[in-house]
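A short write-up of the structure that comes next.
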Protein chains: 2
Amino acid sequence: MKNLTKRQAEILYYIKDEIENNGYPPTRSEISKTFGFKSPNAAEDHLKALKKKGVLDLAAGTSRGITLSNQSSGIPVIGLVSAGGPILAEENIEKTIPNNPGILSHGIDFYLKVKGDSMIDVGIFENDLIAINKNIPVKTGSIVVARINDEVTVKTLTKISDSQVILRPENSSYSDIEVNPKKDNLIFEGTCVGLLRDFS
Amino acid sequence: MKNLTKRQAEILYYIKDEIENNGYPPTRSEISKTFGFKSPNAAEDHLKALKKKGVLDLAAGTSRGITLSNQSSGIPVIGLVSAGGPILAEENIEKTIPNNPGILSHGIDFYLKVKGDSMIDVGIFENDLIAINKNIPVKTGSIVVARINDEVTVKTLTKISDSQVILRPENSSYSDIEVNPKKDNLIFEGTCVGLLRDFS
DNA sequence: ATAAATACTGTATATAATTACAGTTATGAA
DNA sequence: TTCATAACTGTAATTATATACAGTATTTAT
């Protein structure tokens, strides 16, 4: 996705929101009213800019003819995470799947494709997609996505203090992972809020 | 949902389809063109009838102002199935959750809330929602929803013939269920195409 | 330094869209 | 039989909407 300006992002977000709430996109006038524009042409200009950047499409001569591109309406699925950069970096996004507000009780920032069998005792299997929320504060008992010295892992958080964090694999063949946040580089990427499995 | 006429169901389905494909609902003219009506008022009449029956809502003076009710856009979640009637009977529907075309590779007719632990070895846990497609022909190896003498169960289908059907619980503590379709009343309600779990 | 992009105001217009009113025909229920 | 519902045709008017053109001011790349 090309870099959107702050204003453009606001407008895209508003359109997304309107579609979620009303079931149909806003008109130029509605956009203008919301943002306080005195001319519908301000909205028109923004829509053209957003179209140019590929985040939406406009059907000519069609009222409310705004379609969000999959990219901007979908939720990214993260496969293997490359070392270094942020988890949501373009190179980590395997695909996007349509957003479904209301399907889970918490918001979903991304899906992570599960590797390995370290969580099978709680029914998380290889290739399952776990739904991650980045903003819920991590707490003991939650299943979290943690990055320890640049390696991304999914575990149950069983203890968290300044000097010791314990991450538990939910599989009796594995042992707890102890991390000292003062020595190791530990980042919590989010909390698991749901699971999606496709039998195909 | 009040009983829709065949025509009304066709029109509702078309609207649903348009929203899925375009991202916005059709106009009266577009509906009329699709169904060959010579007057946009035919569509208007249908919309009013559908609104009266509660399956959609119309925003006055608003182009494409059609919102599908949750009931008609969502997918039913089936909790406990009462004996007798069809699985999708109103009384079995616990709630509906928004439809998300594209989230799984097969269509979803309903979700079934899992009871018991008979499928934990394949990661299906109590209270998980399994996504069911009614129309995929059942085959060995699939996880199916079967109704045996009016009791609904989820198992792996391991053998199917005229005289013997074997349903396997995926939990080493349970034994295979053998059914003789000639003697017992066996109905396949659908095939499991996915799984949804909400950590809340 | 200059061009291009961003972020608007202001005006105007063709046309897209809703929606009312007046009918017709058929069907099933009271 | 008569009334309500369903399923349309046909016309028309108001208003909702897209969208072009002409500007202005600011910021950002080159």
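Just so we're on the same page: letters track the sequence lines, and every chain starts at 1. Quantities reported herein were computed from a predicted structural model and do not represent experimental measurements.
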Legend entry - Difference in axis direction between the ends of the helix from C/dT2-D/dA29 to C/dA30-D/dT1, five pairs, 10°: 40°

Inset, instruction - Scan residues 21-33 of chain B against DNA chain C and write down, sorted by residue number, each residue with any heavy atom closer than 4.0 Å; if none is found, say none. - result: B/Thr27, B/Arg28

Write out a two-atom table: protein N or O, nucleotide N or O from nucleotides 26-28 of chain C, distance below 3.5 Å.
none

Legend entry - More than 12 heavy atoms from other groups under 6.0 Å of CG on B/Asn127: yes

Inset, instruction - Go through DNA chain D in 5' to 3' direction and return only the first and the last nucleotide with some atom under 4.0 Å of chain B's heavy atoms. - result: D/dA6 to D/dT17

Inset, instruction - Spell out, as yes or no, whether a donor-acceptor pair under 3.5 Å connects the side chain of A/Arg64 to the backbone of A/Pro25. - result: yes

Inset, instruction - Nearest whole angstrom, please: distance from the P of C/dT19 to the CG of B/Leu58. - result: 7 Å

Legend entry - Shortest non-hydrogen contact between B/Ile75 and B/Asp109, atoms and distance: CG2-O, 3.9 Å

Inset, instruction - Looking only at non-hydrogen atoms, find the nearest pair between B/Ser163 and B/Lys182 and report the distance. - result: CB-NZ, 4.4 Å

Inset, instruction - Could you tell me which non-hydrogen atom of B/Gly190 sits nearest to which non-hydrogen atom of B/Val138, and how far apart they are? - result: O-CG1, 4.5 Å

Inset, instruction - Check whether the ring centres of A/Phe37 and A/His46 lie less than 6.0 Å apart, and answer yes or no. - result: yes

Legend entry - Same apolar cluster: B/Ile143 and B/Ile87, side chain cutoff 4.5 Å: yes

Legend entry - Cationic N near anionic O, under 4.0 Å, B/Glu30 to B/Lys33: no

Legend entry - A/Lys115 atom NZ: more than 12 heavy-atom contacts under 6.0 Å: yes

Inset, instruction - Answer yes when B/Glu20 and B/Lys16 have at least one side-chain N-carboxylate O distance shorter than 4.0 Å, and no when they do not. - result: no

Inset, instruction - Would you kindly confirm whether B/Leu129 and B/Val114 end up in one hydrophobic cluster when ILVMFWY residues are joined by side chain heavy atoms under 4.5 Å apart? - result: no

Legend entry - Atom-pair distance (CZ on B/Arg64; C1' on C/dA16), nearest Å: 9 Å

Inset, instruction - Go through the structure and list residues passing ring-ring contact (aromatic ring centres under 6.0 Å, His included) with A/Tyr174, not counting sequence neighbours. - result: none

Inset, instruction - Determine the minimum heavy-atom distance between B/Leu167 and B/Phe188, stating which atoms define it. - result: CD2-CE2, 4.4 Å

Legend entry - Residues, nucleotides or ligands: over 12 heavy atoms within 6.0 Å of B/Tyr13 OH: no

Legend entry - Any donor-acceptor N or O pair under 3.5 Å, side chains A/Asn171, A/Ser173: yes

Inset, instruction - Would you give a per-nucleotide map of nucleotides 6-13 of chain C, 5' to 3', where B means the base has a protein non-hydrogen atom under 4.0 Å away, S means only the sugar-phosphate does, and - means neither? - result: SSBBB---

